[in-house]
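Only one structure is covered here, and it is reproduced in the block below.
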Amino acid sequence: MTKDLLGRPQNKYALIDCNSFYASCEVVFRPDLEDKPVVVLSNNDGCVIAGNKKAKELGFKMGTPFFKMKSVMQKQEVAVFSSNYALYASLSQRIMALLRQYGSAIEVYSIDEAFLDLTNTEETTGIGALIRDNIKSQTGVPVAVGIGSTKTLAKLANHIAKKDPNFPGVCELTSYEADRKCIAHWPIDELWGIGRQHCKSLQEHNVFTIGSFMDLPEAYIKKKWHAPVWRIYKELQGVRCHTFKERPPAKQGIGTARTFAQPVNDWAKLKEIMCGFVASVTEKLRKQNSLTQQISVFVMTDKHREQNHYYGSEKIKLDVPTDDTAVLIKAMLFLLKKVFKERHNYKKAGVHLTKITPNHSFQQTLNKVHNVNEVEKKHQLLGTLDRINRRYGKNTLVFASQRLAARQPFEMKQENKSRKFTTNINEIAFVL
DNA sequence: TCTGGGGTCCTAGGACCC
DNA sequence: TCTGGGGTCCTAGGACCC
């Protein structure tokens, strides 16, 4: 096995990334749109968050507000979809399940990306091509495969596989040194971890390409920039700094927030929406077997158009770590009363759990309460609640305080939503 | 009058990712 | 009229302790 600069055995990672994932998912069920521009919008049809190649060629930038481009898009006959996360999640699961067959381990990095461990695989470039072809033929979603001895190289290889016609969907890199020719000319901000700010500061030092970055002495990089930049430098040399994480680490913070299509000024309505948020974050908390010891809330008016913009947030530390929805709803309401001010139109609000610790068979709670049976009963009740909601759908069982919001979720603007082709039998696709 | 220094913990804010 | 949501990591600086 080859060694890296530190003498450690070298790994081989593949990064599989779906091309324009959300847009590709929509096209799977609308093959007539294959060669037409397609974009997908964020919640509330607020921003454009995904677009296929055709849409990008027309110059539509991801992240811009939809209303600014709406009329131009209509003129150019762009197919516009509201986001349909249930559909994308279900396609994602199918892709991840297929990928598992090709590597010894998988790290699902995001809804449309995964790293595969190919360390003990021969013929990796060939396997990459097989992955590309099989995912496309079995799900309809086009992917690119980048292979490298570090995650940073795999990411860069993936980018090259997508952009450089010499590498049709698959690219393999060993190190900067070995592959200088096909790496050096790329602009610095194509690197994973170099965003707007780092790019600007590197450019101020006359670094515009990966080649000029790698030509700098290591000591200079260390002196001028922070640790993350130096790590990118090492990873490009083939020295592993980012480890492979087969099991996702427990989240350190769990939050949820929404922008409302119609601003809310009514206490009762806001209260019920927020109770729904607490139910949703505590379910995620229990799913990762954790407890929280701090909850925070925030509410805000529309910063873009309210003269008298208001942002209020409060947090509270709990005496005992908990995963109990009822306890957290009570704490949330205490905080919400503090931040809620009459005569404001709230445009966005959210709940956040922090100070999260593992729930080692809820022993900590048992030690601090008198009635062990009560805790045991509550634990079973919440477990049952989660199982029912997972089995029969979100909000099948809800707490009384979230009643209204659960039955009648606050209106989200979704004017162009596709059907739940894969997750709802009533909306299944027909082949005629 | 002279006003140390090192360690730890916490938090806020910046930068980045998808 | 209409501007998303959910995360991670790092660092500087304050508070506190001995």
Side-chain angles (χ1 to χ4, degrees), chain A residues 15-23 39-50 61-71 73-74 80-85 88-89 92 107-115 151-152 155 158-159 188-202 222 225-232 241-243 245 248-263 277 280-281 284-285 288 293-294 296 298 300-306 309 313 315 317 345 347-356 410-416:
Chain A
L15 176 74
I16 296 90
D17 189 329
C18 303
N19 302 350
S20 321
F21 182 56
Y22 293 174
V39 299
V40 177
L41 308 180
S42 66
N43 280 346
N44 288 312
D45 293 349
C47 299
V48 178
I49 52 171
K61 292 268 177 300
M62 304 306 113
T64 32
F66 176 50
F67 75 89
K68 285 189 180 168
M69 304 200 280
K70 194 171 177 179
S71 63
M73 284 187 171
Q74 271 167 356
V80 177
F81 290 90
S82 303
S83 42
N84 186 346
Y85 291 110
Y88 313 147
S92 171
E107 175 185 338
V108 176
Y109 181 69
S110 76
I111 193 164
D112 73 331
E113 273 178 62
F115 288 102
K151 285 180 162 180
T152 303
K155 270 270 188 189
N158 186 282
H159 177 79
I188 197 75
D189 57 348
E190 299 297 354
L191 288 170
W192 186 40
I194 302 293
R196 261 210 325 276
Q197 298 303 315
H198 284 145
C199 180
K200 194 172 153 232
S201 87
L202 285 159
K222 270 188 151 168
W225 290 278
H226 289 152
V229 175
W230 170 72
R231 239 170 261 147
I232 294 166
C241 299
H242 296 295
T243 56
K245 299 186 193 76
K251 296 206 184 341
Q252 303 162 16
I254 298 175
T256 194
R258 284 293 177 280
T259 300
F260 311 131
Q262 296 303 320
F277 290 170
S280 137
V281 292
K284 288 183 199 161
L285 184 72
Q288 67 164 35
Q293 204 170 2
Q294 182 164 281
S296 61
F298 77 87
M300 63 191 283
T301 57
D302 190 341
K303 64 173 178 245
H304 297 288
R305 57 197 67 253
E306 284 276 334
H309 176 57
S313 76
K315 62 177 181 229
K317 195 166 177 209
N345 292 316
K347 181 69 177 167
K348 186 173 180 178
V351 171
H352 210 85
L353 305 178
T354 44
K355 301 209 186 299
I356 288 174
F410 56 87
E411 312 77 47
M412 183 143 69
K413 193 172 162 191
Q414 291 191 319
E415 291 177 348
N416 305 288

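Below, chains carry the letters A, B, ... as their sequence lines are ordered, and counting in each starts from 1. What's counted below: heavy atoms across the whole structure, side chains too, no hydrogens, waters or symmetry copies.
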- By nearest-nucleotide position on DNA chain C, the 5'-leaning member of A/Ala227 and A/Ile49 is A/Ile49

- Hey, is the main chain of A/Ile111 close enough, under 3.5 Å, to the side chain of A/Ser92 for a donor-acceptor pair? yes

- Query: Checking side chain to side chain contact (heavy atoms under 4.5 Å, CB included) against A/Glu113, which of A/Leu15, A/Ile16, A/Val108 comes through?
  - Reply: A/Leu15

- With a 4.0 Å cut-off on heavy atoms, is A/Lys245 in touch with a base, just the backbone sugar-phosphate, or nothing at all? nothing

- Message: Of all nucleotides in DNA chain B that come within under 4.0 Å of a heavy atom of chain A, which is furthest toward the 5' end and which toward the 3' end?
- Response: B/dT11 to B/dC18

- Message: For a quick check of understanding: with a heavy-atom distance under 4.0 Å over all strands, which category does A/Lys200 fall into, base, sugar-phosphate or nothing?
- Response: nothing

- side chain to side chain contact (heavy atoms under 4.5 Å, CB included) with A/Ser82: which residues, sequence neighbours excluded? A/Asp45, A/Gln414, A/Asn416, A/Lys417

- Task: Tell me what A/Lys303 touches on the nucleic acid: a base, only sugar-phosphate, or nothing, going by heavy atoms under 4.0 Å.
- Result: nothing

- Note on the structure: For A/His242, the ring-ring contact (aromatic ring centres under 6.0 Å, His included) test, sequence neighbours excluded, returns A/Trp192

- Taken in chain and number order and not counting sequence neighbours, the residues that satisfy ring-ring contact (aromatic ring centres under 6.0 Å, His included) with A/Phe81 are none

- Measure the shortest side-chain to side-chain distance between A/Glu306 and A/Met300 over non-hydrogen atoms and say whether it is less than 4.5 angstrom. no

- Item | Of A/Arg305 and A/Gln252, the one whose closest DNA chain C nucleotide lies more 5' | A/Arg305

- Query: Does any N or O in the side chain of A/Asp17 come within less than 3.5 Å of the main-chain N or O of A/Asn158, such that one atom is a donor and the other an acceptor?
  - Reply: no

- Query: Looking across every strand, which nucleic acid part, if any, lies under 4.0 Å from A/Lys347 by heavy atom: base, sugar-phosphate, or nothing?
  - Reply: sugar-phosphate

- Task: Describe the nucleic acid contact of A/Arg231 in one word from base, sugar-phosphate, nothing, applying a heavy-atom distance below 4.0 Å.
- Result: sugar-phosphate

- Quote, to the nearest angstrom, the C1' distance that separates B/dG4 from C/dC16. 15 Å

- Note on the structure: The ring-ring contact (aromatic ring centres under 6.0 Å, His included) partners of A/His159 (sequence neighbours excluded) come to A/Trp186

- Touch class at under 4.0 angstrom, heavy-atom based, for A/Asp112 against every strand present: sugar-phosphate

- Please identify each residue that fulfils side chain to side chain contact (heavy atoms under 4.5 Å, CB included) with A/Thr256, with sequence neighbours left out. A/Arg258, A/Phe277, A/Ser280, A/Val281

- Item | Contacting residues from residues 61-68 of chain A, given that a heavy atom lies under 4.0 angstrom of DNA chain C | A/Pro65, A/Phe67

- What base-paired stems does DNA chain C take part in, with at least 3 consecutive Watson-Crick or G-U wobble pairs and both distances under 3.5 Å? B:5-18 with C:5-18

- Quick one: list whatever passes ring-ring contact (aromatic ring centres under 6.0 Å, His included) with A/Phe67, sequence neighbours left out. none

- Answer yes or no: are there more than 12 heavy-atom neighbours, outside A/Lys245 itself, under 6.0 Å from its atom NZ? yes

- Residues that A/Ala227 engages under side chain to side chain contact (heavy atoms under 4.5 Å, CB included), provided they are two or more places apart: A/Arg231

- Query: Got a sec? Which of residues 191-199 of chain A come in under 4.0 Å of DNA chain C, heavy atoms?
  - Reply: none

Indicate every side-chain donor-acceptor pair of residues 347-356 of chain A with a distance under 3.5 Å to a residue at least two apart or in another chain.
from: A/Lys347; atom 1: NZ; to: A/Phe260; atom 2: O; distance (Å): 2.9
from: A/Thr354; atom 1: OG1; to: A/Gln294; atom 2: NE2; distance (Å): 3.2

- Are the side chain of A/Asp189 and the backbone of A/Ile194 linked by a donor-acceptor contact shorter than 3.5 Å? no

